[in-house]
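Presented below is the structure to which this report refers.
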Amino acid sequence: MIEIRPFSNADLPKLAELWVIHHAAYRHPPSVSQVVFEQAVASRLFFDPSRLLVATDHGRVIAWCQWFSGPGASAATLAALCIDTCPSAVQAARQIIGRCERDAKLANSRQLNVGISPDHRIGYQGLEPIGHGFGIDMADDRTNTLLEEMGYVEIKRIDRWEVATTDFRPPISRDALSLRRSTRIEVQTIHPPGDVREAMIHFDVERYVLREIRTGESLASVDLWTSDPEIQVMQMGDAILGELDGASIDPSGAMRYLITQLIPGLATRRIRSLHRCVATDNLTEVSLFGAIGFRRTSAGRVLAKRFDPIA
């Protein structure tokens, strides 16, 4: 018999185990342990155990999910959904998603989105395979089929772009040669404010700023997320390109130059892979990363279901 209940501390080992089981059904098993999951999510101040729901079948945990409410009457987000491979797991997942919908309605949300986007800051960023955040992996047939059967529709397509740092060679161009002579790169340690700091505590965040030498004007900046070596939620050999400032209007190629200059230095820090998730329809960034030498390595999507809040 399937039962739905809130999270309890004794569930932690099984939650991590199901994370691996779920994602290993369509990809290489992710490196997520109980300790990693606890560091990323369960030990945080924003963690609300009533919003992490567990489905059991005769006492055995076979599915779980966690949702977060949006501000005001905006969309809630189903950040994680993990399903066992046993025969009753999909039915349990249906029930647990239905409970999430009910709870989101009670919280006055008008829509439930499924999947983490790059702009989210709710602890799951960096966890393999989520990384920067690209929603539900297109290769995850079980989850995509289940959500579509329950009335969810795609609202955003996201691609993961990745580059290997060890054999990267910056492209040569006239703009790059000019910027090399006229600019300098500053590196700053960033401490995000408030709730964002709590969600990002497992990252070390550095900001690379390209400045014009003569005037000191900032031409472009980019944030680099690397794993905190004491927490190690994300693999130490991986890094994420976070916020970009200057990519949308970049006639001088300043953003392209800045990114290509920081990549070789990552290899000396034993960071082997740099990635960023980009909305498929963001043609400016798609063009930028394609020109630099990044490869599109995987794709995902955010799905959503609208509903009227309970009166």
Side-chain angles (χ1 to χ4, degrees), residues 16 19-20 23-24 27-41 43 116 118 121 123-134 137 159-172 176 180 183-192 196-197 199-210 220-245 247 255-278 285 288-298:
W19 181 282
V20 175
H23 294 292
R27 69 182 310 279
H28 183 75
S31 299
V32 175
S33 64
Q34 175 186 339
V35 172
V36 167
F37 183 81
E38 189 170 3
Q39 293 275 30
V41 181
S43 64
I116 292 179
R121 301 291 180 269
Y124 281 89
Q125 284 75 19
L127 275 179
E128 190 182 356
I130 287 177
H132 192 203
F134 66 119
D137 198 316
D159 297 318
R160 174 176 168 132
W161 290 81
E162 193 166 357
V163 67
T165 65
T166 51
D167 56 359
F168 179 79
R169 296 294 180 270
I172 302 299
R180 184 184 297 276
T183 62
R184 69 179 188 273
I185 297 175
E186 296 179 359
V187 184
Q188 307 165 355
T189 300
I190 300 301
H191 301 286
V196 176
R197 181 186 302 117
M200 298 282 284
I201 198 170
H202 55 291
F203 289 117
D204 288 337
V205 183
E206 300 169 327
R207 177 162 296 164
Y208 288 72
V209 182
L210 184 70
S221 68
V222 59
D223 289 357
L224 180 74
W225 304 353
T226 56
S227 185
D228 183 319
E230 295 183 0
I231 299 178
Q232 296 188 28
V233 166
M234 186 169 66
Q235 295 292 303
M236 296 298 293
D238 295 336
I240 295 171
L241 277 179
E243 284 74 11
L244 305 184
D245 184 11
M255 179 59 72
R256 181 188 303 186
Y257 174 76
L258 177 58
I259 295 174
T260 59
Q261 292 306 299
L262 73 87
I263 291 174
L266 300 181
T268 65
R269 296 165 56 178
R270 298 184 180 179
I271 296 172
R272 299 180 299 275
S273 175
L274 176 66
H275 82 267
R276 176 173 172 83
C277 292
V278 179
E285 285 199 27
L288 169 67
F289 289 106
I292 291 173
F294 280 65
R295 295 182 304 108
R296 190 188 276 112
T297 57
S298 54

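What you are looking at is a predicted structure, and each value in this text was computed from that prediction instead of being measured. Just so you know, residue 1 is the first one in the sequence shown, and it goes up from there.
Qualifying ring pair (Phe, Tyr, Trp, His ring centres under 6.0 Å) partners for His23, counting only residues two or more places apart in sequence or in other chains: Trp19, Tyr26. With sequence neighbours excluded, no residue forms a ring pair (Phe, Tyr, Trp, His ring centres under 6.0 Å) with Trp161. Legend: residues meeting salt bridge (charged side-chain N to carboxylate O under 4.0 Å, His left out) with Arg180, ordered by chain and number and at least two apart, are absent. Residues meeting the side-chain contact (heavy atoms from CB on, under 4.5 Å) test with Ala239, sequence neighbours left out: Leu224, Thr226, Ile271, Leu274. Under the rule for a side-chain hydrogen bond (donor to acceptor under 3.5 Å, both in side chains), the partners of Arg296 that lie at least two apart in sequence or sit in another chain are Asp159. Take Glu186 and apply the side-chain hydrogen bond (donor to acceptor under 3.5 Å, both in side chains) test, not counting sequence neighbours, and it matches Arg184, Arg211. By the ring pair (Phe, Tyr, Trp, His ring centres under 6.0 Å) test, Phe168 is found to be paired with no residue, residues two or more places apart in sequence or in another chain being considered. Residues satisfying the side-chain hydrogen bond (donor to acceptor under 3.5 Å, both in side chains) criterion with Arg207, sequence neighbours excluded, are Asp223. Annotation: side-chain contact (heavy atoms from CB on, under 4.5 Å) contacts of Ser273 (sequence neighbours excluded): Glu162, Asp238. A search for side-chain hydrogen bond (donor to acceptor under 3.5 Å, both in side chains) contacts involving Gln39 returns nothing, not counting sequence neighbours.
Side-chain N or O atoms of Arg276 include one that pairs as donor or acceptor with a backbone N or O of Leu241 at under 3.5 Å. Judged by distance alone, the side chain of Glu128 and the main-chain N or O of Ser31 form a donor-acceptor pair under 3.5 Å. Panel note: side chain His132, backbone Cys277; a donor-acceptor pair is recorded below 3.5 Å.
Residue Asp137 holds its CG atom at 7.5 Å from CZ of Arg27, rounded to the nearest 0.5 Å. The CD atom of Glu230 sits 9.0 Å away from atom CG of Asp204, with the distance rounded to the nearest 0.5 Å. Summarising the geometry, atom CD1 belonging to Ile263 is positioned 4.0 Å from atom CZ belonging to Phe294; distances are rounded to the nearest 0.5 Å.
Contact of the Leu127 side chain with the Pro30 side chain is not registered, since no non-hydrogen atoms from C-beta on lie closer than 4.5 Å. Looking at Ile292 and Val163, their side chains never come closer than 4.5 Å, going by heavy atoms from C-beta outward. Side-chain contact between Gln261 and Tyr208: absent, with no pair of heavy atoms (C-beta onward) separated by less than 4.5 Å. Side-chain contact check for Gln235 versus Ser227: every heavy-atom pair is 4.5 Å or farther apart. No side-chain heavy atom of Thr297 sits under 4.5 Å from any side-chain heavy atom of His275.
Nearest heavy atoms, Leu266 versus Thr165: CB-CG2, 4.0 Å. Considering every non-hydrogen atom in both Trp225 and Met234, the closest pair reads O-CE, 3.7 Å. Closest approach of Ile240 and Gly131 over heavy atoms only: CD1-C, 3.8 Å. For the pair Pro171 and Thr260, the tightest heavy-atom approach, listed with the atom from each and the gap, is CD-CG2, 3.8 Å. When every heavy atom of Arg121 is checked against every heavy atom of Glu243, the shortest pair comes out as NH2-OE2, 2.5 Å. Closest approach of Ser33 and Ala16 over heavy atoms only: C-CB, 3.6 Å.
Within the structure, salt bridge (charged side-chain N to carboxylate O under 4.0 Å, His left out) pairs that include any residue of residues 30-41 do not occur (at least two apart or interchain). Applying the salt bridge (charged side-chain N to carboxylate O under 4.0 Å, His left out) test to every pair with at least one member in residues 258-272, sequence neighbours left out, gives these pairs: Glu206-Arg269.
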(message) Determine whether Ile201 and Asp228 satisfy the following criterion, side-chain contact (heavy atoms from CB on, under 4.5 Å), listing intermediate values before the conclusion.
(response) CA-CA 8 Å; Ile201 198 170; Asp228 183 319; 5.9 Å; no
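Counted within 6.0 Å of CZ on Arg295, heavy atoms from surrounding residues, nucleotides or ligands total 12 or fewer; the atom is thus considered open.
When each of Val209, Leu258, Leu262 is checked for a side-chain contact (heavy atoms from CB on, under 4.5 Å) with Ile185, only Leu258 meets the rule.
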